[in-house]
Amino acid sequence: MPLQPPDLAKVLVIMPAWNEERSLGSTIAELRALHPDLEVLVVDDGSIDNTSLVARRAGATVCRLPYNLGVGGAMRAGYRYAQRNGFTRAVQVDADGQHDPGYILALLEALGDANIVVGARFAGEGDYQVSGPRRWAMWLLARTLSRLASTRLTDVTSGFRAADLRAIAVFARHYPAEYLGDTLESLVIALRSGCSVGQVPVQMRTRLHGQASQTSLRATLYLLRAVMALLLALVRKWPLPVEPPANPTAQSAEARHTEPPGHIGPEQSM
Amino acid sequence: MSANYALGLLGAATTFVVVFEMLRRRRLREKYAVLWIVIALGTIVLALAPGLLTWVSRVVGVTVPSNLLFFGASMFLLFVSVQHSYEIGRLEERTQTLAEELGLLQLELNQTRRPSSEADE
């Protein structure tokens, strides 16, 4: 059962990108070919290549950060944008093309049952394989998170996910800054803030460019970092501000899409 | 004891000069300067009255007085390092928030200046 187009008008795709000029263009193009109504926000995390330009040409809204903050900072900026511009749902998609935009509707539909929906590997779909310590780490983390969420989660490190209004409010405030474990840690934060988490099976594609970290040393470091992040996230407090979810003075997403170019005055001299 | 005396005074004098010069050049804020000046004053007191350290050691039960001094000094430096780590973490969090806000403001500004740019595509 596909969603109606008006629903998609209030959905924001958040795509953090750091020096992704090679794969970003085709990723956005594919996404927009499938869902032309969807607003794509590329958060350019201080790239030194043409990421911003490529994104703008591909038709995305671009938020350019003054220097590299890491994926956490880019995500938080994206969720703040969603919150302030009246979006009711947000989908995180990687710029490297490993997330198939064909699953976006499935993620959004599943938001009815949970505040956050993770596009998960190992859930029956696809043939993604990992081995060695990395596999152990992912299994252990998935088991732990499943218990916390009281639902079966098979892939807690997936960066492909959808968030509803409540989860947007949480992530606009708290999104872990540290690389490694940011996906996992953010899930724990969301759970501790009273959000529910669900999952939809997806098949990930191989990256267009770049390599995933697969060595066992990295996997071990990842596990240590993830366990620490998990424990810290469990004992920390995650207060939410009492500010209204949407800034009344900010234009809503719909208003901005339909707004005619009202003032065509003289060009501002630079 | 004259060596201890000279070293203590020299250390204190150096601290005073460096702190004063940094303050004068606005490289150091008063609240941090106070800390180091208090330390320098303490050093002078200990250098002028070495019996004080011996007396305190005896009261606390430390056999070698200099051990007490080293222990105190290292604990103090540890405290200062932890305090600085905390400050750096807080500053990082603040600059990150500022960078995010700057990016979003820039975006909003661009959208206000060129409201039709997205419709051109």
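In what follows, every heavy atom counts, from backbone to side chain, and hydrogens, waters and symmetry copies are set aside. Residue numbers begin at 1 in each chain, while the letters A, B, ... track the order of the sequences.
Annotation: A:Ile48, atom CD1; neighbour count of heavy atoms from other residues, nucleotides and ligands within 6.0 Å does not exceed 12. Within 6.0 Å of the CZ atom in B:Phe71, the count of heavy atoms belonging to other residues, nucleotides or ligands does not exceed 12. Heavy atoms from other residues, nucleotides or ligands lying under 6.0 Å from CZ of B:Phe20 number 12 at most.
Here the closest non-hydrogen pair linking B:Leu104 and A:Ala77 is CD2-O, 3.6 Å. A:Tyr81 approaches B:Gln111 most closely through the heavy-atom pair OH-NE2, 3.3 Å.
The most heavy-atom pairs under 4.5 Å with chain B, out of A:Gly46, A:Gly70, A:Gly78, A:Cys63, come from A:Cys63.
When each of A:Leu41, A:Val62, A:Val43, A:Asn85 is paired with B:Leu107, the side-chain contact (heavy atoms from CB on, under 4.5 Å) condition holds for A:Leu41 and for no other.
Looking at B:Gln106, neither its backbone nor its side chain comes within 4.5 Å of chain A, counting heavy atoms on both sides. With a threshold of 4.5 angstrom between heavy atoms, B:Glu101 approaches chain A through side-chain atoms but not through N, CA, C or O.
Distance check: A:Leu65 CG to B:Leu102 CG gives 8.5 Å after rounding to the nearest 0.5 Å. Taken to the nearest 0.5 Å, the CZ atom of A:Arg56 stands 6.5 Å off from the CG atom of B:Asn110.
A salt bridge links B:Glu93 to A:Arg76: at least one charged side-chain nitrogen sits closer than 4.0 Å to a carboxylate oxygen.
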